[in-house]
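These values consider heavy atoms only, across backbone and side chains, with no hydrogens, waters or symmetry-generated copies. Chain A is the first sequence line, chain B the second, and so forth, proteins listed ahead of strands; every chain is numbered from 1.
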There are 2 protein chains.
Amino acid sequence: MVTIREVAKIAGVSMTTVSRAFNPKAVIKEETRQRIFKIADDIGYAPNISARGLVTNKKFVIGVFLSSIHTDMSTYLSDIISNIHDSLPENYLLSVEGIDRIQSFDQKVKNRFDGILVVSQSAADNQFIYKLKNNNIPMVVVLRAMDNPEIDNIYADDEKGILDAINYIARQGHKRIGFIEGPPSYENTIKRRRGVELGCVANHLKLVDDAIKIGDFGPITGKNLMEEILELPKEIRPTCVVCANDDMAIGAFRACYEKGIKIPEEMSITGFDDNSYSKLSTPALTTISNPIPEMASLGIKRLISTIESPKKVRLFQSLPTKLIIRESVAKI
Amino acid sequence: MVTIREVAKIAGVSMTTVSRAFNPKAVIKEETRQRIFKIADDIGYAPNISARGLVTNKKFVIGVFLSSIHTDMSTYLSDIISNIHDSLPENYLLSVEGIDRIQSFDQKVKNRFDGILVVSQSAADNQFIYKLKNNNIPMVVVLRAMDNPEIDNIYADDEKGILDAINYIARQGHKRIGFIEGPPSYENTIKRRRGVELGCVANHLKLVDDAIKIGDFGPITGKNLMEEILELPKEIRPTCVVCANDDMAIGAFRACYEKGIKIPEEMSITGFDDNSYSKLSTPALTTISNPIPEMASLGIKRLISTIESPKKVRLFQSLPTKLIIRESVAKI
DNA sequence: TGCTTATATGTTACCGGTAACATTATTTAG
DNA sequence: CTAAATAATGTTACCGGTAACATATAAGCA
């Protein structure tokens with residue numbers, strides 16, 4: 001392994017000067033720096049991160065911790081990661097982990113990250129989040145609103161998103177709707193449900209009791225629960241079922257397809273997320289776009305900036321969602 | 001920051017003993033180890049990775065480098081990552097990067113990884129792969145066959161996969177087929193095309209010239225190219241179009257839907273990958289499963305084992321694909 | 001020209017661990 | 001019961017950088 005000392009010897013300067021050459025903000029004559037770069041390149045020198053980290057206490061690693069690697073937003077993962085990379089200085093590594101898999105916080109997390117972006121879907125992550133806080137690890141939580149005023153936070157206005165959808169459904173002339181919601185442990189579930197409830201009273205829509213179902217954000221439950229809804233007698237069966245995410249909506253499509261029920265003529269369906277498949281389904285899914293990649297991107301920017309200069313005021317930002325009207329809701 | 005010396009002082013032992021307590025293979029009395037663990041836990045000690053890495057030259061970071069974060073296998077990303085985590089000791093971090101984004105190899109890669117899993121789709125990655133080789137960084141290349149006998153390699157038998165599909169299509173009574181293939185720079189494109197060609201001659205199928213189209217593995221080209229195929233007069237138009245991946249097949253579905261062409265009655269379609277949406281499409285897509293998560297998982301296992309004890313014989317393994325018959329190919 | 005200030009570079013201690021080697025405590029065996 | 005073997009722990013140099021401080025060189029100015 002070639003070290004800073006060898007470069008120094010060849011260049012006829014001290015180690016410190018070489019060190020300076022590799023530290024952008026250090027003061028050094030540009031000409032010297034270039035000469036050192038040239039030599040370093042020739043003999044294949046690259047700074048040893050461990051040695052550097054030992055003294056600076058930096059790791060040049062940013063962590064993205066998701067509630068679980070497998071979730072309803074797994075289709076977003078590549079978007080999230082590439083958006084993060086766009087906002088991340090090249091000398092940082094991006095480590096992707098699942099909160100649900102951490103066995104030993106000390107081993108996995110402590111002393112390993114300069115900062116962590118928590119993409120959190122559930123209050124179950126709070127324990128982890130507070131451990132980060134206690135260890136003074138710079139952190140931004142996205143996706144879910146946190147009420148702790150000391151935690152930087154970016155989230156989306158899910159309630160408003162669903163409300164927009166319900167208003168639209170009402171305008172299309174629907175009178176009875178069903179709702180396939182997410183698991184109760186997810187905060188988004190609560191906000192989306194509130195959106196549905198608010199929307200229904202505001203528009204005098206009937207939210208059919210027997211057509212309120214609890215799913216797990218996966219397509220299989222979407223399908224199964226939609227099958228149950230389709231068993232309902234036609235007079236009370238809803239004409240539109242709103243699903244708490246796209247994956248369940250796609251499952252619901254499948255249930256209709258198997259029963260020969262035409263979408264949207266005989267059954268309208270909406271989703272939430274606007275994931276990459278929703279525009280490709282047949283018919284294309286009317287849904288609500290969820291600014292997940294934007295949250296990740298903004299979150300990382302904030303994180304980097306916090307690492308470089310700690311902030312005194314909290315970031316607490318809500319990002320808008322947007323109704324994406326496609327083909328899965330009929331005009332009645 | 002609490003160091004090993006403080007733990008040592010409290011425990012009344014030397015630093016080395018504490019160090020041993022935290023190194024699983026070190027020889028130390030179990031009783032002493034437990035006592036040290038207890039103290040460490042009390043005062044919140046965790047080993048400093050940088051200091052440790054400085055002397056051992058280990059980083060406890062594994063890299064996964066994908067040709068590009070955005071590719072036809074972006075839907076696999078969460079599968080790949082979680083499969084990798086399943087095979088990765090907890091003290092390793094997993095860094096996810098795109099080969100196409102590396103600006104400075106020295107800065108981003110050198111001295112930063114104990115080993116790297118290269119998920120490679122294209123010969124364009126070779127430059128990167130050979131740099132890893134030159135720097136003696138342990139590496140396993142998956143997804144694409146490499147002919148260099150010094151590089152550990154796991155790939156899938158794409159040609160056989162497509163061949164199985166063509167045989168099946170022929171058995172269903174089809175006579176004329178079309179082919180929407182991938183970009184020429186991808187190795188898989190070549191192997192899949194060869195599978196199609198072989199299958200056609202073996203089964204006396206006509207591969208319609210005007211229905212051979214070059215896509216980019218994205219759903220949009222799948223749609224556009226299928227539209228072109230649908231323009232063909234009915235007498236020469238293929239009755240089945242094989243798509244080189246699922247995403248393009250889904251795009252092709254969309255083209256048919258918009259033109260009111262029934263799948264599979266009026267047009268049969270197949271894909272490749274068996275990604276998570278192929279079972280959910282309407283109709284469900286007949287496709288070929290691609291053992292990407294298995295490759296990632298096996299690759300990581302090999303990598304870890306290579307890091308722990310360097311291997312002298314090369315790993316060169318082909319994994320089988322499997323025809324998944326669903327609903328998108330009609331019997332004629 | 002000489003003195004002050006700014007710029008560029010050098011000297012040295014130290015960051016927090018680990019490995020080699022040395023030493024002491026404990027077993028084992030004759 | 002003692003010598004030899006084994007287990008457990010200690011001492012110390014060092015891994016490859018950086019930061020604080022010291023010094024040398026160049027530039028600015030009366």
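For Ser78(B), the side chain to side chain contact (heavy atoms under 4.5 Å, CB included) partners are Ile69(A), His70(A), Ser74(A), Leu77(A), not counting sequence neighbours. By the side-chain hydrogen bond (donor to acceptor under 3.5 Å, both in side chains) test, Asp152(B) pairs with Arg302(B), sequence neighbours left out.
At the heavy-atom level, Asn57(B) lies nowhere under 4.0 Å from the strands shown. Residue Phe22(B) is classed as having no contact, given no heavy-atom separation below 4.0 Å to the nucleic acid.
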Could you go through residues 90-97 of chain B and list every donor-acceptor pair under 3.5 Å that involves a side-chain atom there, pairing it with any protein atom two or more places apart or in another chain?
from     : atom 1 : to        : atom 2 : distance (Å)
Glu90(B) : OE1    : Gln103(A) : N      : 3.4
Glu90(B) : OE2    : Gln103(A) : N      : 3.2
Glu90(B) : OE2    : Ser104(A) : N      : 2.5
Tyr92(B) : OH     : Lys58(B)  : NZ     : 2.6
Ser95(B) : OG     : Leu94(A)  : O      : 3.4
Ser95(B) : OG     : Glu97(B)  : OE2    : 2.7
Glu97(B) : OE1    : Lys108(B) : NZ     : 3.1
Glu97(B) : OE2    : Leu94(A)  : N      : 3.4

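Between the P atom of dT11(C) and the CD1 atom of Ile4(A) lies a distance of 14 Å, rounded to the nearest Å. Here dA19(C) presents its P atom at 11 Å from NZ of Lys58(B), a figure rounded to the nearest Å. In this structure, Lys9(A) atom NZ and dG16(D) atom P are separated by 13 Å, rounded to whole Å. Distance Arg112(B) CZ to dG17(D) P: 14 Å, rounded to the nearest Å. Look at NZ on Lys110(B): it is 14 Å from P on dG16(D), rounded to the nearest Å.
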Handout entry: B/S/- contact track for nucleotides 4-9 of chain C, protein heavy atom under 4.0 Å
Key = ----SB
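Counting heavy atoms of neighbouring residues, nucleotides and ligands inside a 6.0 Å radius, atom CD of Gln34(B) exceeds 12 of them. The environment of CD in Glu30(A) is crowded: more than 12 heavy-atom neighbours from other residues, nucleotides or ligands sit within 6.0 Å.
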Protein N or O to nucleotides 12-15 of chain C N or O, pairs below 3.5 Å:
none

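Pairs of residues two or more places apart, or lying in two chains, that qualify as salt bridge (charged side-chain N to carboxylate O under 4.0 Å, His left out) and include a residue from residues 118-147 of chain A are Arg144(A)-Glu187(A).
Asn48(B) and Asn111(A) share no side-chain donor-acceptor pair at under 3.5 Å. For the residue pair Ser50(B)/Lys59(A), the side-chain donor-acceptor check at 3.5 Å is not satisfied.
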